[in-house]
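All remarks here apply to the structure that follows.
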Amino acid sequence: ETAYCSQLISFDTDDCEKMPSLSLCLIAVVAVAVAARGPVVDAKPNIVFIVADDLGYNEMGYQNKSRGIHSPNIDALAEEGVRLGNYYVQPICSPTRSALHTGRYTMRLGTQSNVIYWDTPWGIALNETFLPENLKDAGYTTAMFGKWHLGMFKEEYTPPRRGYDVHHGYYQGCGSRDTHVSSCCEAGPGPPFEDDYICNAPKESKDYRGYDWFSNGHPNTTVNLTNSAELIRGLSVDYIKEQEGNDEPFFLYLPFQNIHAPYSCQQRFIDKYPKHMNEVDRIIFGYISELDDVVGSVVTTLKETNQLNDTIIIFSSDNGAPPHGQSGSYLDRNFPLRGFKSQLWEGGVRVLGFVSSPLLPTHSQGTVFKSLMHITDWLPTIVEGIANGNLTRNIKPLDGFNMWPSILSGEEGPRQEMLYGLSPICSGAQAGPPTVAIRQGKWKLLSYCYNIKGMEGKNSTGIVNSTTDKDFKDGPALFNLELDPSETSNVAKNNPAVVATLVARLKDLALQSVVPMVWTPPYQGENYYCAKCPLRPVGSPYEPYTPWM
C-alpha cells in the first residue's frame, strides 16, 4: 500500500509509513497534489468568449508596453492566464467567425474569399453545426451580445436560430457606435463625435444603410443613441447577475464593435492619452481602452456574484489591424509582422489571444503556449476540452483540434499543419492576393492565387503565378517562420522539396473546397439553392435592416 501510494505523486514513503492506513496516506497525497497543481478545472465551467474587432498584433499593453496603450483589465487577464504565442485566425470578419462557430476551414464553408455583404442572400449553411448548439447539448445556456456577420437574409440564419438562447446586437459588419446605422464609412480618422452621427451614403454604390440593433430577432430602436460598448457592458452585467445560483453553466459570447472603423469612442477614453499624440492614434487607443473598461466590468461582476472561480475567459481578435491611422504610425499596429487585415501575410492573421481563469493549474498561469493554434480549434477545445461535451452531432469533418490538454500542460499541441486560406478568386474579392497559404511546422508557403477546376471558369487545378508581384513571379513563396516571423526572406529556391510537399498538400485541400460566396447572383455557383434570390432592396438609414426572404 505504501509503495502504491508513493507512486501517485512525489511523496516521501517514510511519511506514508508513519500513517496508520492507506486512506490517510491518500488524503495526504491529494492535499499535496492540490497544493502543487493549483485549482482543478471544473467539470462544466462557465465560458466567456471575447472577440475584439480588427485589433492588431501590437495593440495591447501586455504585448508592448512601450506604445502606452491603457488596457489594465485585459492585461491582467493575459498575464495571469495562458497567452497564445502562435495563434491564428482568418484575414477578415465573416471567415473568422464562421471558422470559430463550425470548427471548419473557410474553404469548406464558402467564406474563403469575402465577408457576407449587406444585401447578399447568403449565410453559413444550415446543415453546419454551430458552437452554441454543441454547448446546449452539453447542458449550457447560451447568450451573445454584439456582432454576428454570419448571415441574416432569412430568420433561420440569425443568432436565435443558430443556438443562442439570448441575443442582443447587430447582424452586419459595422455601423455607427450610437445610432446603430449599418455602414463602415471610409477608412481613416473617426467621424464627428455627435451622438446622432451616421455614415454618409456611399457616393458610387448602393446605399446599404439601415438600423442594425436586434434583440432576440426583433429590431430594438429603444437603444438608439446608446454606445454599443455600453450596451454590451449593461447586457453582460445583467446576464451574469441573472446566472448567479443557476445550476446550468453559461456560455457568453461577446463580439465587440471595438475597434472596427468608423473609429470613434467616448471622449473620456480619448482623454486618457496625452494631447501631444496625433489625434488619430488617440482615438484608436481610446477605442481600445473603452473595450478594456467593459471587459473590466465583466470580470468585476463575475467576482461580485462569486462566479469568477467557475469561469474560463477566452480572448481573441478576429483578424489583424487594417492600415488605418496616422501616416507612419499605422505601421506599428501589427509590428513586427508583415501585412494587414484582408491579407494572408502574418500581420493579417496572427493575432493576440489568451485563456484566463482561476481554474487553470498553477503551473500554467502566467505562461505562453507556443504551439500552433488556429481559430477552428476553439470548437473542439471548448466542447470536448472545457465543457466535457461531445461532437456526435457534427457529422461533417472538423479541421480543429482539442487543444485543452496541451494548454493546461504546456506540452506541444496536436496541430502540425494549418491552412491559412485557399481562394480561387484572383481579383475582385476582399481576400486579396496572395489568396493561398499553408503551414507545416516552421514552413509557410504562399501563392499569388490558385485555380480550382470547375470554379471561376478554370479547367485545371494548381498554383497561379503573378506577372507583376515580385514575390510570386517565379512561383510560390516559402518562409521559415521560426527564423523569419516577419516574412522578409523568400527561401523557396533553396528548399524545392519543401515547396513540392506543400504544393501537393494544397492540391489535396483544393479538391475538398466548395465554391466561394460572392456578392452577386448566383452567389455561390449555379447550384446554390438561392441562386435566383433577390438582393435586399434599398431602404433608409433608420429603417431596420431585417431579413428580406
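- A donor and an acceptor atom, one from each side chain of Y87 and S316, are located under 3.5 Å apart.
- Within the 4.5 Å cutoff, the side chain of S371 has no heavy atoms near those of the R415 side chain.
- No side-chain N or O of K341 forms a donor-acceptor pair with one of N334 less than 3.5 Å apart.
- Inspection of the T381 and D377 side chains reveals no N or O donor paired with an N or O acceptor under 3.5 Å.
- For E290, there are no salt bridge (Lys or Arg N to Asp or Glu O under 4.0 Å) partners, not counting sequence neighbours.
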I'd like to know whether L419 forms a side chain to side chain contact (heavy atoms under 4.5 Å, CB included) with T106, so could you lay out the CA-CA distance, the side-chain angles of the two residues, the decisive distance to 0.1 Å, and finally the verdict. CA-CA 9 Å; L419 180 68; T106 56; over 6 Å; no
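- Side-chain polar atoms of Y88 and R439 form a donor-acceptor pair below 3.5 angstrom.
- Residues meeting the side-chain contact (heavy atoms from CB on, under 4.5 Å) test with A429, sequence neighbours left out: S113, N114, I425.
- Between the side chains of R505 and Q440, no donor-acceptor pair is found at a separation under 3.5 Å.
- By the 6.0 Å and 45° rule, R162 stacks over the aromatic ring of F130.
- Atom CG of N527 has 12 or fewer neighbouring heavy atoms from other residues, nucleotides or ligands inside a 6.0 Å radius.
- Remark: P485 engages R350 in a side-chain contact (heavy atoms from CB on, under 4.5 Å) (not counting sequence neighbours).
- The CZ atom of F250 lies 9.5 Å from the CD1 atom of I47; values are rounded to the nearest 0.5 Å.
- Taking a 6.0 Å sphere around CD of E79, one finds it holds more than 12 heavy atoms contributed by other residues, nucleotides or ligands.
- When only modelled atom types and interatomic distance are considered, Q512 and Y105 share no side-chain donor-acceptor pair under 3.5 Å.
- Here Q524 contributes atom CD and T120 contributes atom OG1; the two are 11.5 Å apart, rounded to the nearest 0.5 Å.
- Between the side chains of E128 and T102, no donor-acceptor pair of N or O atoms lies under 3.5 Å.
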Practice task
Begin with the C-alpha distance, continue with both residues' side-chain angles, and end with the deciding distance and a verdict on side chain to side chain contact (heavy atoms under 4.5 Å, CB included) for Y57 and L337.
Solution key: CA-CA 8 Å; Y57 184 75; L337 306 178; 3.6 Å; yes
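- Taking the six-membered ring where the residue is Trp, the centroids of F354 and F315 are separated by under 6.0 Å.
- Counting heavy-atom neighbours within 6.0 Å of F335 CZ, excluding the residue itself, gives a total of 12 or less.
- When the side-chain contact (heavy atoms from CB on, under 4.5 Å) test is applied to I116, the partners found at least two apart in sequence or on another chain are S94, W122, M517.
- Applying the ring pair (Phe, Tyr, Trp, His ring centres under 6.0 Å) test between H101 and each of F49, W148, W378 identifies W148 as the sole match.
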Y171/F214 under ring pair (Phe, Tyr, Trp, His ring centres under 6.0 Å): CA gap, chis, key distance, verdict: CA-CA 8 Å; Y171 291 158; F214 291 79; 4.2 Å; yes
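- With values rounded to the nearest 0.5 angstrom, L252 atom CG is found 9.5 Å from T311 atom OG1.
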Exercise for the section: For the pair N134 and N394, evaluate side-chain hydrogen bond (donor to acceptor under 3.5 Å, both in side chains) and give the outcome as yes or no after the intermediate values. Expected result: CA-CA 8 Å; N134 286 122; N394 302 69; 2.7 Å; yes
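- T367 and S364 get closest at one heavy-atom pair: OG1-O, 2.5 Å.
- By the 6.0 Å and 45° rule, K147 does not stack over the aromatic ring of F256.
- Of the N and O atoms on the side chains of H374 and Q90, at least one donor lies less than 3.5 Å from an acceptor on the other residue.
- Here N246 pairs with Q243 under the side-chain contact (heavy atoms from CB on, under 4.5 Å) rule; sequence neighbours left out.
- The distance from the CG atom of L506 to the OG1 atom of T501 is 11.0 Å, given to the nearest 0.5 Å.
- Taking a 6.0 Å sphere around CG of L511, one finds it holds more than 12 heavy atoms contributed by other residues, nucleotides or ligands.
- For the residue pair D54/N319, the side-chain donor-acceptor check at 3.5 Å is satisfied.
- Within the model, atoms CG of D75 and CE of M60 stand 7.0 Å from one another, a figure rounded to the nearest 0.5 Å.
- Side-chain contact check for N46 and D310: no donor-acceptor pair (N or O, by modelled atom type) lies under 3.5 Å.
- Ring geometry for F145 versus Y239: interplanar angle over 60°, hence perpendicular rather than tilted (30 to 60°).
- Annotation: salt bridge (Lys or Arg N to Asp or Glu O under 4.0 Å) contacts involving residues 233-255, sequence neighbours excluded, comprise E230-R233, R233-D293.
- Residues Q257 and G175 approach most closely at NE2-O, 2.6 Å, considering heavy atoms.
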(message) Go through it in stages, so that I can follow the logic: the residues are E59 and I259, the test is side chain to side chain contact (heavy atoms under 4.5 Å, CB included), and I'd like the CA-CA distance, side-chain angles, deciding distance and then a yes or no.
(response) CA-CA 10 Å; E59 292 191 305; I259 60 171; 3.6 Å; yes
How far apart are the C-alpha atoms of L446 and L478, what are their side-chain angles, what is the distance that settles it, and do they pass the side chain to side chain contact (heavy atoms under 4.5 Å, CB included) test?
-> CA-CA 7 Å; L446 301 97; L478 182 71; over 6 Å; no
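- With respect to the salt-bridge test (charged N to carboxylate O, under 4.0 angstrom), the residues E346 and R338 do not qualify.
- Under a 3.5 Å cut-off, the side chain of D318 and the backbone N or O of C93 do not form any donor-acceptor pair.
- Atom-to-atom distance recorded for N220:CG and W213:CH2 is 9.0 Å, nearest 0.5 angstrom.
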